[in-house]
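These notes concern the structure reproduced below.
All values below come from the heavy atoms of this structure, side chains included, with hydrogens, waters and symmetry mates left out.
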Protein chains: 2
Amino acid sequence: MSRGRIDKRQAILEAAFRTFARDGYGQSCVREIAAEAGVAKPTVYNHLGDKETLFREAMQAAVGRTTADALAALEWLREPDGEVRDALENAGYWLLRSHCCADFQALRWLLHAEAARFPDLLDDFQRNGAERLHEALADRLARLALGGRLNIGDPDRAGEQFLALLTGPMERRSRLATREVPDTELRSLARAATDTFLCAYAAS
Amino acid sequence: MSRGRIDKRQAILEAAFRTFARDGYGQSCVREIAAEAGVAKPTVYNHLGDKETLFREAMQAAVGRTTADALAALEWLREPDGEVRDALENAGYWLLRSHCCADFQALRWLLHAEAARFPDLLDDFQRNGAERLHEALADRLARLALGGRLNIGDPDRAGEQFLALLTGPMERRSRLATREVPDTELRSLARAATDTFLCAYAAS
DNA sequence: ATCTCTTTGAACCCGGCGGTTCAGTAAGCG
DNA sequence: CGCTTACTGAACCGCCGGGTTCAAAGAGAT
């Protein structure tokens, strides 16, 4: 307990992310974050010291949380027993779900909005989030191609296009995270993306 | 000239968009906008009355400017004489260029960042920008399908996927508008998107 | 030249927020 | 019981930015 009780710190970070996600960085005042955490304002400064580092800490925690979800969706592509089509569709569906959840949407929004003020956070997200997902997806697709279940020349490009076919139409439906996309729509989006993807990359 | 000289108003709006695009809404102070426009601060308030309406006016002008560019790219799909592949690739390339230009990137960034404070602006952009592009693209594709040059069941879905295949990979390359994407890369992105699109929708 | 309307610059008010200080309190611990 | 450490609440400072006011200075038209 070098710097106060550890649970208070945790509560502050969670409250901070909630508040930032709701109001944005500029519109969130530390008073409110402290209130949301059920804590006095000096306690916040005692633990985190600064509004900037408070933001950084809260965001980095969120990056770790959300990337795990996205990577987990790729497990559907690990040595599927049945049809490749089903595996792709399921993976696509869960990828869409992970991209739809409130935390992920808020994270993307904040990173994008504050990219000028916090370029390092954006870098961190690209490297430890987006790029790791692309790599893992390319790996899975390469395995499937090697096993003769897909016909892929460039796994990186194929993965990129699969993600694009999934998330592009979804962002149109969600209207930049303004609208909640119902589950049945997510399913049909995953199906449409899989259909087109397989037209291009099905095993010959 | 009900409210002062008309050219001053124009200069103020242009300076406003430049400043907002550079620093964001919250970080732009009216002092700076006035200075950028070569005008005194009360003049700004005399013409636009408010920082909010200043923002609204500047943004709506930008929406009109940029959507025209995107729609112009679709002219490549109007009754192509040569190969459909070439028409698609050219249209894709120019669509990417229009999505890459500084104004469009800034517009998207500002809309996304301030969506909570200005939901009406986002609505306007969706209706008069994004949706009109989707409709026009679907129309072009339907024509090509009717002429037997493509094999498309649902033109709306096909257009959506074409745009996704274009912009998805590009946004990865541009790292949320942080990096300038070179022209040759845009070309190869358009080619890759066209290839995959044609695998799914080439005339049988 | 005169009248009117716009513009200017500078000062000013006001509210909000980041960050600090401080006296007091609760809690764990010997 | 006393010591230490964490926490609280409230007041406080300084700064900045939106918006206004006002007297003085152009600039156009007749």
Side-chain angles (χ1 to χ4, degrees), chain A residues 1-60 110 113-114 116-121, chain B residues 1-60 109-110 113-121:
Chain A
M1 66 179 79
S2 64
R3 275 277 212 119
R5 295 265 115 54
I6 204 69
D7 51 339
K8 296 250 167 184
R9 184 191 163 95
Q10 199 61 26
I12 290 169
L13 282 178
E14 287 166 15
F17 187 76
R18 266 199 310 275
T19 310
F20 287 137
R22 177 162 29 88
D23 303 333
Y25 178 75
Q27 280 58 53
S28 301
C29 66
V30 181
R31 287 175 74 98
E32 204 178 353
I33 293 175
E36 179 109 5
V39 136
K41 191 161 68 133
T43 306
V44 175
Y45 285 99
N46 179 32
H47 278 278
L48 281 312
D50 209 349
K51 192 186 178 187
E52 271 197 32
T53 62
L54 177 55
F55 187 65
R56 287 210 158 78
E57 219 79 25
M59 291 290 279
Q60 274 160 359
L110 285 168
E114 308 299 332
R117 216 193 313 234
F118 301 95
D120 52 323
L121 283 182
Chain B
M1 64 180 79
S2 65
R3 276 273 214 128
R5 296 265 110 59
I6 204 71
D7 51 339
K8 297 248 167 184
R9 183 191 164 94
Q10 200 60 26
I12 290 169
L13 283 177
E14 286 166 14
F17 187 76
R18 268 200 308 276
T19 309
F20 287 138
R22 176 161 30 86
D23 303 334
Y25 178 74
Q27 281 57 53
S28 301
C29 66
V30 181
R31 285 176 76 96
E32 203 178 352
I33 293 175
E36 179 109 5
V39 135
K41 190 160 68 131
T43 307
V44 175
Y45 285 99
N46 179 33
H47 278 277
L48 280 313
D50 209 348
K51 192 187 178 186
E52 271 197 33
T53 61
L54 177 55
F55 187 65
R56 286 210 159 80
E57 220 78 25
M59 291 291 278
Q60 274 160 359
W109 173 56
L110 285 167
E114 308 299 331
R117 216 194 310 235
F118 301 95
D120 52 323
L121 283 182

#### Entry: Ion pair Arg117(A)/Glu52(A), N-O distance below 4.0 Å
no
### Any residue meeting side-chain contact (heavy atoms from CB on, under 4.5 Å) with Ala116(B), in chain and number order, not counting sequence neighbours
none
### Message
List the residues meeting side-chain contact (heavy atoms from CB on, under 4.5 Å) with Ala37(B), not counting sequence neighbours, and say none if there are none.
### Response
Ile12(B), Ala15(B), Val39(B)
### Task
Name all residues meeting the side-chain contact (heavy atoms from CB on, under 4.5 Å) criterion together with Asp120(B); count only those two or more places apart in sequence or in a different chain, and write none if there are none.
Arg56(B), Phe118(B)
### Query
Under a 4.5 Å cut-off applied to non-hydrogen side-chain atoms, are Leu110(B) and Leu121(B) in contact?
no
#### Entry: Any residue meeting ring pair (Phe, Tyr, Trp, His ring centres under 6.0 Å) with Phe17(A), in chain and number order, not counting sequence neighbours
none
### Query
Rounded to the Å, how far apart are Gln10(B) CD and dT6(C) P?
18 Å
### Task
Only counting residues at least two apart or in another chain, list the ones meeting salt bridge (charged side-chain N to carboxylate O under 4.0 Å, His left out) with Glu36(B).
Arg18(B), Arg22(B)
#### Entry: Within 45° cone and under 6.0 Å: Lys51(A) NZ/CZ vs Tyr45(A) ring
no
### Within residues 33-40 of chain A: residues closer than 4.0 Å to DNA chain D (heavy atoms)
Gly38(A), Val39(A), Ala40(A)
### Query
His47(B) side chain N/O closer than 4.0 Å to the phosphate oxygens (OP1, OP2) of dT6(C)?
no
### Query
Does Thr43(B) have a side-chain nitrogen or oxygen under 4.0 Å from the phosphate oxygens OP1 or OP2 of dT8(C)?
yes
### Summary
Readout for nucleotides 12-29 of chain D: B = base within 4.0 Å of protein heavy atom, S = sugar-phosphate only, - = neither; 5' to 3' it is -----SSBBB--------
### Query
Looking at Lys8(B), does any N or O in its side chain come under 4.0 Å of the phosphate oxygens OP1/OP2 on dC5(C)?
no
